[in-house]
K.L.:
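Supplied in structure tokens, the structure appears directly below.
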Amino acid sequence: MTPRALDGPQLRREARIVGLDEIELPTLEAVEKRRFQLLLVMSIVAVAVALGLAALTMWDHEGTATWWLSPALTRFAVLGLVVGFCAYAIEKELHLRRLTRQLVEERVIVSALASRLKELSALLEAGRAMNSVLDLEQVLRIILDSAVELLDARGGSVMLLETPQHLRVVCVKGNEGAEGARVEVGDGIAGRVAVTREPLLINGVVGAGEYPGRRERAQPVDSAMSIPLIHRGELVGVLNVNAADRVFSEHDLRALALVGEHAACAVANARLYEAERCHAVELEHQAFHDPLTGLANRALFTDRVQHALVRAGRDASAVGVLFCDLDDFKRINDSLGHAAGDQLLVAVGQRLQGAVRAVDTPARLGGDEFAVLLEDIRDVGEARRAADRVLESLAAPFVLDGRPVSVRASIGVASSGPEATTADELMRNADVAMYTAKAQGKGCHRTFERDMHAEVLARLELESELEAAVARGELCLHYQPILSLESGRVVGVEALVRWNHPTRGLLYPGAFVPLAEELGLIGAIDTWVLERACRQTRAWHERHPDRPPLSVNVNVSARQLQTGAVVDAVAGALRRSGLDPHSLVVELTESSVVHDPATTSRWLQALRDLGVRLAIDDFGTGYSSLAYLKRLPIDILKIDRAFVAGLGVEPEDAALVSTIVELARSLRLEVVAEGIERAEQLDELRHLGCDLGQGFHFAAGLEPERLAAILADEDGHPLTDAVATTLF
Ligand code: C2E
Ligand code: MG
Ligand code: MG
């Protein structure tokens, strides 16, 4: 802080600022001038007096020298005059000296004031600079530069409180490389200041231990100051400055504390701004991303498709869209719970991301529906290959709550072209193609074709009609006889649901049962079938009291088993119909039973406790272990017709059927062969020791009246032989 040279106008301006504008300031030059003038006047007066006295004393009017005053008196007078002047001169000299001292003092004061002014303006400047930027990094740099410049320091640092126990060096001057160092609260000068929250000044050589994070070869420090940065009573950080060739004063410490006040506020503001910016970014991210998987949402996806179409128009390339819907996701959600369902969706999102290129955009459009935007492709073939890759990526089982779960997906593929010029059209086409893939067996991809629209519309129509079908009484049952292969007598029937559609005629289960499962209508249908089949069978029992009671097999959907709803439905149907529970056989598919054995075994046991029997339908088509057969309470195995079809043609099928029959026998289970169509199949089955069978060779599913006729007629004409032909 060296006093700067002051010129007149500058001095006056600064004096005015500090309220001294009323005072006419004497200057040193003016005082010197006065002194000189005084000396001159004194000399002139002294000479004049001496000459006057000499003239008066020495000459009369005749020109002779006379003494009109005694020479002694004259000498005294002259002496008196000289002494008087001397006294006057001395007094003036003293006065001038006082004035000079006063002037020097005033200059010192003014210089000090000017220096404070400089500090003040530097502080204001620093404050303005700090408040003019909001970026934390810039704010920190300004704080440090201002402090170093103001205090004429060699270097310094800013540390921010990271945790209640740690400070982090975030900005450094003069000790570059120390950024990022961690300082424990309590360690070194800064650490101590963080604890005491009081400014600290240390003069004399400051040891390296006082500067945690300081580099070994950093220059020595002779004087150091640290001040806490406190905003609204909270410690934000610590500001440090150091000097090597000078020592700081208490006044410097106060100046630094003033900088610190601004700095704390600026840091707090910058942090607030940073937090708000992050929040805004977060909000924007949320608006365009799916919170569960982090993938793009429908809004962002649509936007990207739009942009991709514009780019493709310029580059003469194409845009592809895949719509991907998980098959039977609802079943997983229902059986394993929503948390596992969410886990699965996240994992599917990740696999999807891994299966496509970095430039492609995978998105979750909602529920179990995903999509992928394929930019810059040559043709739809490329999109199909991407769909293959997506299906492959989903092939390996997912592990949910420690259990492996297999998931398949149906994918619709569409690409830009004359049929799809807008994002909406392209996405709708992919959706339609996906819908078709679902309807055509799931687990596959289909590429959009124009006539798919009509098919999808028809399916949508069917969906709405199916909802009303149960209530309108449009469902009916056909019964397929199950015979003893030994005696050829009908021992039971399988109830098969049909839909008497008002315009399309009789529909078979393949046309509406999967749809009903998807729409959650299968429960109502199965319950209706149970009620109707039990009542019908009970009626046959009453009509033919002499023949062994017919059993009735009813198919129950896997979903009904998972929720246990089937138990109530069966109990209700038995109670209302009065059917002997032993006459009812509940058919379940192999996959529905083994999907979640822990849950299903409970319901199977509950069904068993009601007295009904349980059959595994389509046995051999599931890919499960056979161990469940021993553990679960099962009574009957129904050999899938795929194996029966090969009898007499494929020796392997005969071996398989024989193994199943043996297996059933050793587990004391009844075995029914499905889909017997030819006499040689029947012979082979008989030969293999299969107990029971059903199939077109005997009869297809029949209306109840036709079956009643057969029952009435049966004694004379066992179905095993020619009767079957009359039944088609
Ligand atoms: P499923 O339980 O295996 O029923 C046997 C299916 O095979 C029936 O088809 C039957 O008509 C057919 N079939 C019988 N004999 C032969 C044959 O010799 N050759 C050939 N090719 N087929 C034969 P349908 O009636 O179309 O039923 C198909 C499937 O729909 C059933 O397979 C069953 O899984 C399901 N289903 C039928 N009714 C119901 C029901 O009420 N509820 C539920 N949830 N599913 C049902
Ligand atoms: Mg069946
Ligand atoms: Mg079957």
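Counting from 1, the numbers follow the sequence of the chain as shown. Ligands are counted one by one from 1 in listed order, and the atoms in each one are counted from 1 as well.
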K.L.:
Got a second to check how far Q681's CD is from R686's CZ, nearest 0.5 Å?
P.N.:
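Answer for the CD-CZ pair, Q681 versus R686, is 13.0 Å.
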K.L.:
At a 4.0 Å threshold, what atoms of ligand 1 neighbour a non-hydrogen atom of G675?
P.N.:
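Numbered from 1, ligand 1 contributes 16 (C), 17 (C), 18 (O).
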K.L.:
Under 4.0 Å from any heavy atom of E494, which atoms of ligand 1 are there?
P.N.:
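Taking each heavy atom of E494 in turn, ligand 1 has 1 (P), 2 (O), 4 (O) under 4.0 Å.
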K.L.:
With a cut-off of 4.0 Å, which atoms of ligand 1 are near a heavy atom of G695?
P.N.:
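In order of numbering, the contacting atoms are 15 (N), 18 (O).
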K.L.:
With the threshold set strictly below 4.0 angstrom, can you tell me whether any protein non-hydrogen atom sits that near atom 38 (N) of ligand 1?
P.N.:
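Neighbour list for atom 38 (N) of ligand 1 includes protein heavy atoms (cut-off 4.0 Å).
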K.L.:
Quick check, are the ring centers of H453 and Y435 under 6.0 angstrom apart?
P.N.:
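No, too far apart.
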K.L.:
I need the D683 CG to L688 CG distance, nearest 0.5 Å.
P.N.:
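CG of L688 is found 11.0 Å from CG of D683.
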K.L.:
Taking 4.0 angstrom as the limit, do R364 and D290 come out as a salt bridge?
P.N.:
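Yes, this pair counts.
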K.L.:
Closest non-hydrogen protein atom to atom 22 (N) of ligand 1, residue and atom name please, with distance?
P.N.:
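The protein heavy atom lying closest is F696 CZ, 3.4 Å.
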K.L.:
Quick one: does K438's side chain have a donor or acceptor within less than 3.5 Å of a partner on L326's backbone?
P.N.:
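Judged by distance alone, yes, a pair lies under 3.5 Å.
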K.L.:
Drop me the distance from E494's CD to N555's CG, to the nearest 0.5 angstrom.
P.N.:
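So the gap between those two atoms works out to 4.5 Å.
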K.L.:
With 2.8 Å as the limit, jot down which protein N, O or S atoms are around the Mg ion (ligand 2).
P.N.:
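Only E494 OE2, N555 OD1, E587 OE1, D617 OD2 fall inside 2.8 Å of the Mg ion (ligand 2).
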K.L.:
Report yes or no: is the cationic atom of R351 (NZ for Lys, CZ for Arg) closer than 6.0 Å to the six-membered ring centre of F370, at no more than 45° off its axis?
P.N.:
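No, R351 does not lie over the aromatic ring of F370.
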K.L.:
Distance from I482 atom CD1 to N553 atom CG, nearest 0.5 Å?
P.N.:
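Between atom CD1 of I482 and atom CG of N553 there are 4.0 Å.
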K.L.:
Provide the number and element of each atom of ligand 1 under 4.0 Å from a heavy atom of S557.
P.N.:
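Going through ligand 1 atom by atom, the ones under 4.0 Å from S557 are 44 (N).
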K.L.:
Checking contacts here: is it the side chain or the backbone of D618 that comes within 4.0 Å of ligand 1, counting heavy atoms only? Could be both or neither.
P.N.:
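Within the 4.0 Å criterion, D618 contacts ligand 1 through side-chain atoms alone.
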K.L.:
Taking atom types as modelled, find out whether T447 and H445 have a side-chain donor-acceptor pair closer than 3.5 angstrom.
P.N.:
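The criterion, which ignores hydrogens and geometry beyond distance, is not satisfied for H445 and T447.
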K.L.:
What protein heavy atom sits nearest atom 35 (C) of ligand 1, and how far away is it?
P.N.:
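Nearest protein contact, heavy atoms only, for atom 35 (C) of ligand 1 is P509 CB, 4.1 Å.
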K.L.:
Would you kindly specify which portion of K638 sits under 4.0 Å from ligand 1, judged on non-hydrogen atoms: side chain, backbone, both or neither?
P.N.:
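Neither part.
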K.L.:
What I want to know is whether H697 and ligand 1 share at least one N or O pair that is separated by under 3.5 angstrom.
P.N.:
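In this structure, H697 places no N or O atom under 3.5 Å from an N or O of ligand 1.
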K.L.:
For ligand 1, is any non-hydrogen atom under 4.0 Å from N555's backbone (N, CA, C, O), its side chain (CB onward), both, or neither?
P.N.:
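Both of them.
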K.L.:
Can you find an N/O atom of V497 closer than 3.5 Å to an N/O atom of ligand 1?
P.N.:
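V497 vs ligand 1: N/O contact under 3.5 Å present.
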K.L.:
Taking ring pair (Phe, Tyr, Trp, His ring centres under 6.0 Å) as the definition, give me every residue that meets it alongside F512, ordered by chain and number, with sequence neighbours left out.
P.N.:
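F512 satisfies ring pair (Phe, Tyr, Trp, His ring centres under 6.0 Å) with W499 once adjacent residues are dropped.
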K.L.:
Would E542 and R538 pass as an ion pair if we require N to O under 4.0 Å?
P.N.:
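Salt bridge: yes.
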K.L.:
Salt bridge check: are R428 and E425 linked by an N-O gap of less than 4.0 Å?
P.N.:
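Salt bridge flag = no for E425 with R428.
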K.L.:
Near I676, which atoms of ligand 1 are under 4.0 Å from a heavy atom of that residue?
P.N.:
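Counting atoms of ligand 1 from 1, those under 4.0 Å from I676 are 18 (O).
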K.L.:
Give, for atom OH of Y479 and atom CG of L707, the distance between the pair rounded to the nearest 0.5 Å.
P.N.:
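Going from OH on Y479 over to CG on L707, the span is 9.0 Å.
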K.L.:
Return the closest protein heavy atom for atom 1 (P) of ligand 1 as residue, atom name and distance.
P.N.:
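Nearest neighbour among protein heavy atoms for atom 1 (P) of ligand 1, to 0.1 Å: D617 OD2, 3.6 Å.
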K.L.:
Please check if the number of heavy atoms outside Q440 that lie under 6.0 Å from its CD is greater than 12.
P.N.:
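Yes.
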K.L.:
Distance check, rounded to the nearest 0.5 Å: D617 atom CG versus L637 atom CG?
P.N.:
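Spacing of CG (D617) from CG (L637) equals 10.5 Å.
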K.L.:
Heavy-atom contacts with V529 under 4.0 Å: which atoms of ligand 1 show up? List them by number with element.
P.N.:
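Numbered from 1, ligand 1 contributes 41 (O).
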K.L.:
Please state which option from D526, L496, N553 has its nearest heavy atom closest to atom 44 (N) of ligand 1.
P.N.:
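Closest candidate by heavy-atom distance is D526.
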K.L.:
Hey, does Q694 come in under 3.5 Å of ligand 1, counting only N/O atoms on both sides?
P.N.:
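No - when backbone and side-chain N and O of Q694 are compared with those of ligand 1, no distance drops under 3.5 Å.
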K.L.:
Judged by modelled atom types alone, do D327 and S410 share a side-chain donor-acceptor pair under 3.5 Å?
P.N.:
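Yes - a donor-acceptor pair under 3.5 Å links their side chains.
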K.L.:
Using a 3.5 Å distance criterion without hydrogens, assess whether the side chain of N500 forms a donor-acceptor pair with backbone atoms of C476.
P.N.:
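No: the side chain of N500 does not pair with the backbone of C476.
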K.L.:
Any protein heavy-atom neighbour for atom 31 (C) of ligand 1 (distance below 4.0 angstrom)?
P.N.:
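No, because not a single protein heavy atom sits under 4.0 Å from atom 31 (C) of ligand 1.
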K.L.:
Just to confirm my output: which protein heavy-atom neighbour is closest to atom 15 (N) of ligand 1, and how far is it?
P.N.:
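Going by distance alone, atom 15 (N) of ligand 1 is nearest to Q480 NE2, 2.9 Å.
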K.L.:
Taking only heavy atoms of E587 into account, list the atoms of ligand 1 that are under 4.0 Å away from them.
P.N.:
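Heavy-atom distances to E587 below 4.0 Å select 2 (O).
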K.L.:
Is there at least one pair of N or O atoms, one from E677 and one from ligand 1, spaced under 3.5 Å apart?
P.N.:
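Right, the criterion is met.
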K.L.:
Is any heavy atom of the protein nearer than 4.0 Å to atom 9 (O) of ligand 1?
P.N.:
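Protein heavy atom within 4.0 Å of atom 9 (O) of ligand 1: absent.
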K.L.:
What residue and heavy atom of the protein are closest to atom 25 (O) of ligand 1, and at what distance?
P.N.:
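It is R498 NH1, 2.8 Å.
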K.L.:
At under 4.0 Å between heavy atoms, is it the side chain or the backbone of H478 that contacts ligand 1, or both, or neither?
P.N.:
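No part of H478 comes within reach of ligand 1.
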K.L.:
What protein heavy atom is closest to atom 6 (C) of ligand 1, reported as residue, atom name and distance in Å?
P.N.:
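Answer for atom 6 (C) of ligand 1: R641 NH1, 3.8 Å.
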K.L.:
So, the side chain of E590 versus the backbone of G620: is there a donor-acceptor pair under 3.5 Å, distance only?
P.N.:
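Indeed, once roles are kept as given, a pair shorter than 3.5 Å links the two residues.
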K.L.:
Tell me which protein heavy atom sits closest to atom 5 (C) of ligand 1, plus the residue, atom name and distance to 0.1 Å.
P.N.:
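I find the closest protein heavy atom is E674 OE2, 4.0 Å.
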K.L.:
Taking the basic N atoms (NZ, or NE/NH1/NH2) and the acidic carboxylate oxygens, is any pair closer than 4.0 Å for E369 and R298?
P.N.:
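Counted as a salt bridge, because a side-chain N and a carboxylate O are separated by less than 4.0 Å.
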